[in-house]
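Model, not experiment: these values are computed from the prediction.
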Amino acid sequence: MFEVYGEKLPSRLILGTAQYPSPEILGEAVRAGGASAVTVSLRREAAGAATATGSGGQFWSLIQSLGVPVLPNTAGCHTVKEAVTTAHMAREVFNTKWIKLEVIGNHDTLQPDVFELVEAARILCEEGFDVFPYTTDDLVVCERLLDAGCEVLMPWCAPIGSAKGPMNIDALRSLRGHFPDVPLIVDAGIGRPSHATTVMELGFDAVLLNTAVARAGDPVHMARAFGSAVKAGRTAWLAGMLEPRDTAVPSTPVIGKAVFS
């Protein structure tokens, strides 16, 4: 069980809803992975609905049929004003205070503009939103987001859609160490189930991903694999893992054993 902003979620996997081959495959993937919530980009879906008659209604019906919480996001926003306006629209459309806050600063890496991000987070938190900020793994930026009112942090492990996996293990480990009681969700850059297991073994609370499942050869099977990977990593963290050693340590004791010459 995973709790954010007072709501208990049954699993630690959150899936995006973009780029799937079909709405049917999206639905099957969400169910196969046991995702506890899905993210939806209001701006992108609205644009898609305008170009494909009826697609918007079909999409909304599918999302509602999944029976999981919706985490609207401000994907595509580059300024505080854009992000705040999109958040207001999302609250009206989805009737939720949840918002995944994205304020992009670089077109190539899709890295967040952390200055605009912190300001937008402050405004939305003051307006009563439950803000899930997509941020870098910078410790100081994360502190500023918490000061702004965020109760969850969503650092990337690599650029969106890159599938590179954790690029800075030390930074992620540092975040967990500095914020032991803050829910941490890795968002962006995960490409393989093993990547998800790795970040969960670091003590992160959940994983949010999209491209690695949606663009897989078989999204349904991949979602199932990620669901298992997240559970395995969480179980390992709770069990207490051995730290790496510089020397070999025999699994069978040798002290007290007979010596034959």
Side-chain angles (χ1 to χ4, degrees), residues 9 11-52 54-77 90 94 98-100 102 104 107-112 132 134 154-167 185-200 204 206-231 233:
L9 303 179
S11 84
R12 296 172 183 270
L13 176 65
I14 302 172
L15 288 179
T17 56
Q19 305 182 67
Y20 285 84
S22 71
E24 292 75 20
I25 291 177
L26 164 60
E28 291 180 27
V30 170
R31 287 185 284 269
S36 60
V38 295
T39 65
V40 177
S41 170
L42 179 65
R43 295 181 62 168
R44 288 173 181 164
E45 293 305 330
T51 58
S55 63
Q58 180 185 18
F59 180 81
W60 303 132
S61 296
L62 170 64
I63 295 300
Q64 292 174 338
S65 72
L66 295 176
V68 298
V70 174
L71 176 58
N73 68 54
T74 62
C77 294
F94 296 104
W98 281 15
I99 191 71
K100 179 190 171 189
E102 298 183 27
I104 301 302
H107 292 283
D108 294 325
T109 65
L110 299 181
Q111 179 172 326
F132 296 68
Y134 162 61
M154 301 181 67
W156 69 354
C157 69
I160 293 174
S162 67
K164 290 183 176 181
M167 296 178 63
I185 304 172
V186 165
D187 176 19
I190 287 179
R192 301 183 179 188
S194 58
H195 296 158
T197 300
T198 296
V199 297
M200 294 301 291
F204 277 70
V207 168
L208 192 161
L209 58 104
N210 186 101
T211 308
V213 170
R215 300 298 296 273
D218 188 329
V220 177
H221 276 74
M222 187 60 75
R224 186 175 293 111
F226 270 106
S228 298
V230 168
K231 291 178 183 177

Exercise for review: Mind listing the closest non-hydrogen atom pair of Ser36 and Ile14 along with its distance?
Suggested key: OG-CG1, 4.2 Å
Study note, to complete from the structure: For Ala212 and Met222, the nearest pair of non-hydrogen atoms, with its separation, is O-CG, 3.5 Å
Revision key, fill the gap. Sequence neighbours excluded, the answer for side chain to side chain donor-acceptor pair (under 3.5 Å) partners of Arg215 is Gln19
Check your understanding: Tell me, which pairs form a salt bridge (Lys or Arg N to Asp or Glu O under 4.0 Å) where one or both residues lie in residues 185-200, sequence neighbours left out?
Key -> Lys100-Asp187
Check your understanding: Any side-chain heavy atom of Leu71 sitting closer than 4.5 Å to one from Val38?
Key -> no
Pairs of donor and acceptor atoms involving the side chains of residues 21-29, under 3.5 Å and at least two apart or interchain, shall be tabulated with distances.
| unit_1 | atom_1 | unit_2 | atom_2 | d |
| --- | --- | --- | --- | --- |
| Ser22 | OG | Glu24 | OE1 | 3.4 |
| Ser22 | OG | Ile25 | N | 3.1 |

Check your understanding: What are the two closest heavy atoms between Ala18 and Ala214, and how far apart are they?
Key -> O-CB, 3.2 Å
Identify every side-chain donor-acceptor pair in residues 62-69 under 3.5 Å, counting partners at least two apart or on other chains, and give the distances.
| unit_1 | atom_1 | unit_2 | atom_2 | d |
| --- | --- | --- | --- | --- |
| Ser65 | OG | Leu62 | O | 2.6 |

Point to revise | Under the ring pair (Phe, Tyr, Trp, His ring centres under 6.0 Å) test, residues paired with Tyr20 that sit two or more places apart | key: none
Study note, to complete from the structure: All heavy atoms of Ala35 vs all of Ser11, minimum pair found to be C-OG, 3.7 Å
Revision key, fill the gap. Interatomic distance, CE@Met154 vs CD@Glu102, rounded to 0.5 Å, equals 8.0 Å
Point to revise | Close side-chain approach of Leu13 to Leu209, heavy-atom, < 4.5 Å | key: yes
Practice item. Identify the two heavy atoms, one from Gly16 and one from Thr39, that lie closest to each other, and give their separation to 0.1 Å. Key: CA-OG1, 3.2 Å
Exercise for review: Measure the shortest side-chain to side-chain distance between Val207 and Met200 over non-hydrogen atoms and say whether it is less than 4.5 angstrom.
Suggested key: yes
Check your understanding: Less than 4.5 Å apart, any side-chain heavy atom of Val40 and any of Pro72?
Key -> no
Check your understanding: Does any N or O in the side chain of Asn210 come within less than 3.5 Å of the main-chain N or O of Leu15, such that one atom is a donor and the other an acceptor?
Key -> no
Study note, to complete from the structure: CD1 of Ile160 to OG1 of Thr109, rounded to nearest 0.5 Å, is 9.0 Å
Practice item. Go through the structure and list residues passing ring pair (Phe, Tyr, Trp, His ring centres under 6.0 Å) with Trp98, not counting sequence neighbours. Key: Phe132
Check your understanding: Heavy atoms, side chains only, cut-off 4.5 Å: are Trp156 and Met167 in contact?
Key -> no
**Study point:** Criterion side-chain contact (heavy atoms from CB on, under 4.5 Å) on Asn73 and Tyr134, from CA distance to verdict
**Key:** CA-CA 10 Å; Asn73 68 54; Tyr134 162 61; over 6 Å; no
**Study point:** For Pro166, the option from Ile190, Val199, Val186 that meets side-chain contact (heavy atoms from CB on, under 4.5 Å)
**Key:** Val199
Exercise for review: Check Lys164 against Ala158 and note the closest heavy-atom contact, atom names and distance.
Suggested key: CB-CB, 4.0 Å
**Study point:** Nearest-0.5 Å distance, NE2 of residue His195 to SG of residue Cys157
**Key:** 7.5 Å
